[in-house]
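Each remark here refers to the structure printed beneath this line.
Lettering follows sequence order; numbering is per chain, from 1.
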Amino acid sequence: MNLFANVHELVLESLASLQSSRALPADLDFKNVTVEAPRDSSHGDMSTNAAMILAKQAKMRPREIADLLLKKLVSNTQIEHIEIAGPGFLNLTLSKSIWLEAIPQIVKLNKEFGRSSIGKEKRVNVEFVSANPTGPIHVGHTRGAVFGDALANLLDFAGYNVTREYYINDGGAQIDALARSVYLRYLEANGNSVEFIEGTYPGEYLIPVGESLKEGFGDVFVEADEAEWLPKFRAHAVRSMMELIESDLLSLGIKMDVFYSEKSLYGTGRIETALEELSAKGLIYEGYLDPPKGKLPEDWEPRKQTLFRSSEYGDDVDRPIKKSDGQWTYFAPDIAYHYDKISRKFDHLINIFGADHGGYVKRMKAAVRALSNDEITLDIKLTQLVRLYKNGEPFKMSKRAGNFISLRDLVEQVGSDVTRFVMLTRKNDAPLDFDFDKVLEQSRDNPVFYVQYAYARINSVLKKARVANINVCDGSLISADMQGVEHESEVYIIKKVCEWPRLVELAAKHNEPHRVAFYLYELASEFHAFWSKGKDTPSLRFIHEDNVMRSLSKLAVARSVAIVISNGLGILGVQPMDEMR
RNA sequence: GGUCGCAUAGCUCAGCUGGAUAGAGCAUCUGCCUUCUAAGCAGAGGGUCUCAGGUUCGAAUCCUGAUGCGAUCACCA
């Protein structure tokens with residue numbers, strides 16, 4: 001059920017038939033021919049740019065082509081009116097019945113309305129969050145988490161086969177630091193007093209971990225050498241942290257499909273295998289890097305390192321995969337990890353990084369291109385910073401001041417729905433202000449409540465209708481006679497609702513879930529506007545106790561709005577609310 | 001200095017991968033609760049889309065350069 005797609009199809013068919021009758025040249029590219037709703041509704045329901053797109057290719061005047069197309073389309077019974085406008089737009093007005101008939105179909109499709117197959121079941125891996133397993137998720141990760149999850153939902157809705165994945169950085173030195181910190185908590189649990197020196201994690205969230213280790217091991221490691229307890233404590237600490245992180249994510253409604261351990265790459269030869277793959281292509285060498293351009297770090301010195309020739313694949317410089325002491329850099333397991341993703345036969349990879357990781361984009365893309373022989377594309381989305389505000393003042397977090405806000409704190413204070421919606425009302429590549437007071441304000445300033453309220457209002461109407469003994473179950477609405485919709489402002493809403501499938505496809509194509517949020521806001525706005533018209537114009541109210549047929553057709557429209565809001569909120573990961581009091 | 005991103009109303013931001021007279025919210029001003037939820041609606045004012053070139057039927061959108069802001073920049077993850 002996508003009227004825009006139908007008309008687009010119709011336009012393309014007409015163009016093809018003009019080609020076969022030689023009215024148009026044969027070799028034309030229709031790729032950029034679109035059918036969309038014109039901004040100004042006086043220009044009709046839909047508008048196509050076909051004539052202008054093709055004018056140059058066909059070496060004809062736009063209006064000439066528009067005229068040919070018009071003559072082709074004018075016989076179609078679905079189209080009530082058609083005209084050429086401006087530089088060559090073809091403006092179509094569909095017959096009203098087309099719009100009316102859409103409503104029962106939408107109600108019937110319900111949760112499936114808007115679901116698209118443009119993804120063609122292609123396998124997409126979305127890697128996001130991937131926060132270090134050294135503590136709870138904090139606010140800085142939240143945006144990436146919400147964006148990644150919503151993007152995954154969106155792609156799923158658009159017909160992709162999506163895997164949500166979290167890469168656990170459990171291989172590096174920071175895990176030793178974590179294990180040592182846990183050890184301190186373990187000592188503490190055994191009655192010793194401890195001191196957290198620089199380079200350890202003093203967070204209280206490790207206290208229970210220390211206690212559980214005491215339960216498991218008693219005091220056997222209190223006097224022991226580090227070598228004895230470190231491996232055990234590492235593993236236990238990582239497991240505990242991941243449990244913490246998983247439940248943090250769950251509080252935002254996020255569930256990963258795969259948790260992939262960096263550590264699992266070590267000692268199995270998998271890093272070596274991936275690097276051999278690159279080596280075989282002549283992309284690995286021993287060498288020296290040029291000093292960074294511009295101002296030189298004070299302690300810079302030339303070092304011989306094992307390097308990946310990422311500059312051959314668009315990176316600015318080659319990148320080290322081994323440190324000067326022979327250890328892998330973080331980049332080496334990352335290469336192996338992505339090699340593994342490639343071997344798992346994904347068609348497309350998406351990584352969500354914070355803006356502070358922008359510097360790794362080129363090298364990661366280079367690695368994937370090299371490893372997959374340019375066959376698999378890696379897209380990296382950067383989420384910009386979230387600036388926190390409290391009482392209108394910028395709110396600075398610092399570990400030392402102890403006012404570090406965890407995701408859990410945030411969700412407990414403002415709720416999952418608000419957090420998610422607000423974070424999605426911005427393009428991912430623009431910074432976002434998050435004002436604690438504003439998001440909690442239940443006003444029209446707050447888009448979450450605005451959209452939720454529209455949904456709740458619809459529910460309220462349906463409830464009232466039931467009280468008035470009108471059967472408003474979906475089955476009844478599906479068979480409603482839509483002739484009760486008389487007013488153009490009702491048709492206006494229907495048109496907006498019918499844009500939903502097209503919007504899903506566009507948002508998915510651009511990987512921009514925020515478009516869903518904005519669309520829902522617009523839809524809610526139109527619904528509220530329509531609602532209020534019922535005040536002055538009783539005929540526009542939904543319930544007419546003296547006329548069930550009329551009520552049903554209007555209620556079906558309202559129901560279709562609720563369906564779209566529900567489906568849209570589903571993509572954003574926000575719960576619709578039946579009632580707001 | 002290199003790289004990436006951003007620059008649209010007083011403020012916060014959309015702008016449908018180049019379309020018709022650039023749109024919302026907040027703030028300011030004016031109206032609307034005996035009515036299906038006023039957490040709402042209707043209306044007014046507010047613009048050199050940072051600047052300069054370029055591409056073409058047509059540019060806020062694409063390209064080049066400048067300016068400003070943010071992130072990042074061997075050896076950490």
Query - Options B:rU21, B:rU37, B:rA14, nucleotide nearest the side-chain atoms of A:H514 - result: B:rA14

Query raised in the report: A:I543 near the nucleic acid: base, sugar-phosphate alone, or nothing, with a heavy-atom cut-off under 4.0 Å?
Result: base

Query raised in the report: In terms of side-chain heavy atoms, does A:T377 have a donor or acceptor partner in A:H348 at a distance below 3.5 Å?
Result: yes

Requested in this report: Take atom CG of A:N49 and atom C1' of B:rC57, then tell me their distance rounded to the nearest Å.
Outcome: 13 Å

**Report entry** Closest to the A:S532 side chain, choosing from B:rC75, B:rC41, B:rU12
**Finding:** B:rC41

Report task. May I ask which nucleotide in the shown strands pairs with B:rG25, Watson-Crick or G-U wobble, both distances under 3.5 Å? Result -> B:rC11

Requested in this report: For B:rG53 and B:rU67, measure between their C1' atoms and round to the nearest Å.
Outcome: 15 Å

Report task. Check every atom of B:rC36, B:rG15, B:rA39 against the side chain of A:V461 and return the nucleotide holding the closest atom. Result -> B:rC36

Query raised in the report: Taking the side chain of A:W531 as heavy atoms from C-beta outward, which of B:rG5, B:rU37, B:rC57 is closest to it?
Result: B:rU37

Report summary line: Ranking B:rA71, B:rA74, B:rC13 by distance to the side chain of A:F518, first place goes to B:rC13

Query raised in the report: At under 4.0 Å between heavy atoms, what does A:K427 touch on the DNA or RNA strands: base, sugar-phosphate, or nothing?
Result: sugar-phosphate

Requested in this report: Pick the C1' atom in B:rA24 and in B:rA9, then give their distance to the nearest Å.
Outcome: 11 Å

Query raised in the report: Do A:R63 and A:I84 come close enough that some side-chain heavy atom pair is under 4.5 Å?
Result: yes

**Report entry** Interatomic distance where CD belongs to A:Q452 and C1' belongs to B:rA39 [whole Å]
**Finding:** 11 Å

Report summary line: Which of B:rG25, B:rC6, B:rC13 is nearest the side chain of A:Y521? It is B:rG25

Query raised in the report: What does A:T34 touch in the nucleic acid at a heavy-atom separation under 4.0 angstrom: a base, only the sugar-phosphate, or nothing?
Result: nothing

Query raised in the report: Can A:R515 and A:Y519 be counted as having a side-chain donor-acceptor contact under 3.5 angstrom?
Result: no

Query raised in the report: For A:P431, which contact category applies under a 4.0 Å heavy-atom criterion: base, sugar-phosphate, or nothing?
Result: sugar-phosphate

Requested in this report: Quick one: label A:P320 by what it contacts on the DNA or RNA (base, sugar-phosphate, nothing), any heavy atom closer than 4.0 Å.
Outcome: sugar-phosphate

**Report entry** Short side-chain N/O contact from A:H528 to OP1 or OP2 of B:rC36, under 4.0 Å
**Finding:** no

Query raised in the report: With both distances kept under 3.5 Å, what pairs with B:rC6, Watson-Crick or G-U wobble?
Result: B:rG68

Query raised in the report: In whole angstroms, how far is the P atom of B:rC36 from the CG atom of A:D578?
Result: 20 Å

Query raised in the report: Honestly, is A:K322 close enough over A:W328, meaning NZ or CZ under 6.0 Å from the six-membered ring centre and within 45° of the axis?
Result: yes

Query raised in the report: Counting any heavy atom closer than 4.0 Å, what does A:K535 reach on the DNA or RNA strands: base, sugar-phosphate only, or nothing?
Result: base

Query raised in the report: So does A:Y450 get a side-chain nitrogen or oxygen closer than 4.0 Å to the phosphate oxygens (OP1/OP2) of B:rC41?
Result: yes

**Report entry** Lys/Arg cation over aromatic A:F308: A:R319, 6.0 Å, 45° cone
**Finding:** no

Query raised in the report: Do A:D45 and A:T93 get their side chains close enough for a donor-acceptor pair, meaning under 3.5 Å?
Result: no

**Report entry** Pairwise P distance, B:rG19 and B:rU61 [rounded to whole Å]
**Finding:** 11 Å

Requested in this report: Name the nucleic acid region contacted by A:R502, choosing base, sugar-phosphate or nothing; use a 4.0 angstrom heavy-atom cut-off, strictly under.
Outcome: base

Query raised in the report: With nearest nucleotides of RNA chain B determined for A:K56 and A:H357 from heavy-atom distances, which residue corresponds to the more 5′ nucleotide?
Result: A:K56

Query raised in the report: How would you label the contact of A:H510 with the nucleic acid (heavy atoms, under 4.0 Å): base, sugar-phosphate, or nothing?
Result: base

Query raised in the report: On a whole-Å scale, what distance lies between the P atoms belonging to B:rC57 and B:rC13?
Result: 37 Å

Query raised in the report: Going by atom types alone, do A:Y285 and A:D318 pair a side-chain donor with an acceptor below 3.5 Å?
Result: yes

Report task. Consider the side chain of A:R303, meaning its heavy atoms from C-beta on, and name the nucleotide among B:rC41, B:rU37, B:rC75 that approaches it most closely. Result -> B:rC75

Query raised in the report: Is A:A85 touching bases, backbone alone, or none of the nucleic acid, heavy atoms closer than 4.0 Å?
Result: base

**Report entry** Assigned partner base of B:rC32, Watson-Crick or wobble definition, under 3.5 Å
**Finding:** B:rG40

Query - P-based separation of B:rC6 from B:rA14 [nearest Å] - result: 11 Å

Requested in this report: Round to a whole Å and report the spacing from CG of A:D536 to C1' of B:rC32.
Outcome: 8 Å

Query - Minimum-distance nucleotide (side-chain atoms of A:K323 versus B:rC75, B:rG19, B:rC41) - result: B:rC75

Query raised in the report: Taking the side chain of A:M52 as its heavy atoms from C-beta onward, which of B:rC13, B:rC57, B:rU37 lies nearest to it?
Result: B:rC57

Query raised in the report: So does A:S460 get a side-chain nitrogen or oxygen closer than 4.0 Å to the phosphate oxygens (OP1/OP2) of B:rC36?
Result: no

Query - Pairing partner of B:rC62 (Watson-Crick or G-U wobble, both distances under 3.5 Å) - result: B:rG54

Report task. Please confirm whether any donor atom in the side chain of A:R457 sits under 3.5 Å from an acceptor in the base of B:rC36, or the reverse. Result -> no

Report task. Look at the side chain of A:I53 and decide which nucleotide, out of B:rG19, B:rU21, B:rC16, has an atom nearest to it. Result -> B:rG19

Query raised in the report: When the nearest nucleotide of RNA chain B is assigned to A:N132 and to A:F542 on a heavy-atom basis, which residue is associated with the more 5' position?
Result: A:F542

Query raised in the report: Base of B:rC69 relative to its sugar, syn (within 90° of 0) or anti?
Result: anti

Query - Watson-Crick or G-U counterpart of B:rG1, or none if no pair lies under 3.5 Å - result: B:rC73

Query - Integer angstrom distance from the P of B:rG47 to that of B:rC41 - result: 25 Å

**Report entry** Worked verdict on A:Y337 versus A:E127 for side chain to side chain contact (heavy atoms under 4.5 Å, CB included)
**Finding:** CA-CA 11 Å; A:Y337 171 47; A:E127 181 207 326; 3.3 Å; yes

Query raised in the report: Nearest-Å distance, CZ (A:F331) to P (B:rC75)?
Result: 11 Å

Requested in this report: Whole angstrom is fine here: how far is it from CZ in A:F527 over to P in B:rG40?
Outcome: 14 Å

**Report entry** Euclidean distance, atom CG of residue A:D318 to atom C1' of B:rC73 [Å, nearest integer]
**Finding:** 16 Å

Requested in this report: Please measure how far the P atom in B:rA42 lies from the corresponding atom in B:rC4, and state the result in whole Å.
Outcome: 44 Å

**Report entry** Polar contact flag, side-chain donor to acceptor under 3.5 angstrom, A:T383-A:N428
**Finding:** no

Query - Check: A:E505/A:S116 side-chain N/O donor and acceptor closer than 3.5 Å - result: yes

Query raised in the report: Reckon A:G534 touches a base, only the sugar-phosphate, or nothing at all at heavy-atom distances under 4.0 Å?
Result: base

Query raised in the report: If we take the P atom in both B:rU28 and B:rC36, what is their distance in whole Å?
Result: 30 Å

Query raised in the report: Looking across every strand, which nucleic acid part, if any, lies under 4.0 Å from A:K509 by heavy atom: base, sugar-phosphate, or nothing?
Result: nothing

Report task. Whole angstrom is fine here: how far is it from OH in A:Y330 over to P in B:rA74? Result -> 11 Å

Requested in this report: Mind checking A:A55 for me? I need base, sugar-phosphate or nothing, with any heavy atom below 4.0 Å counting as a touch.
Outcome: nothing

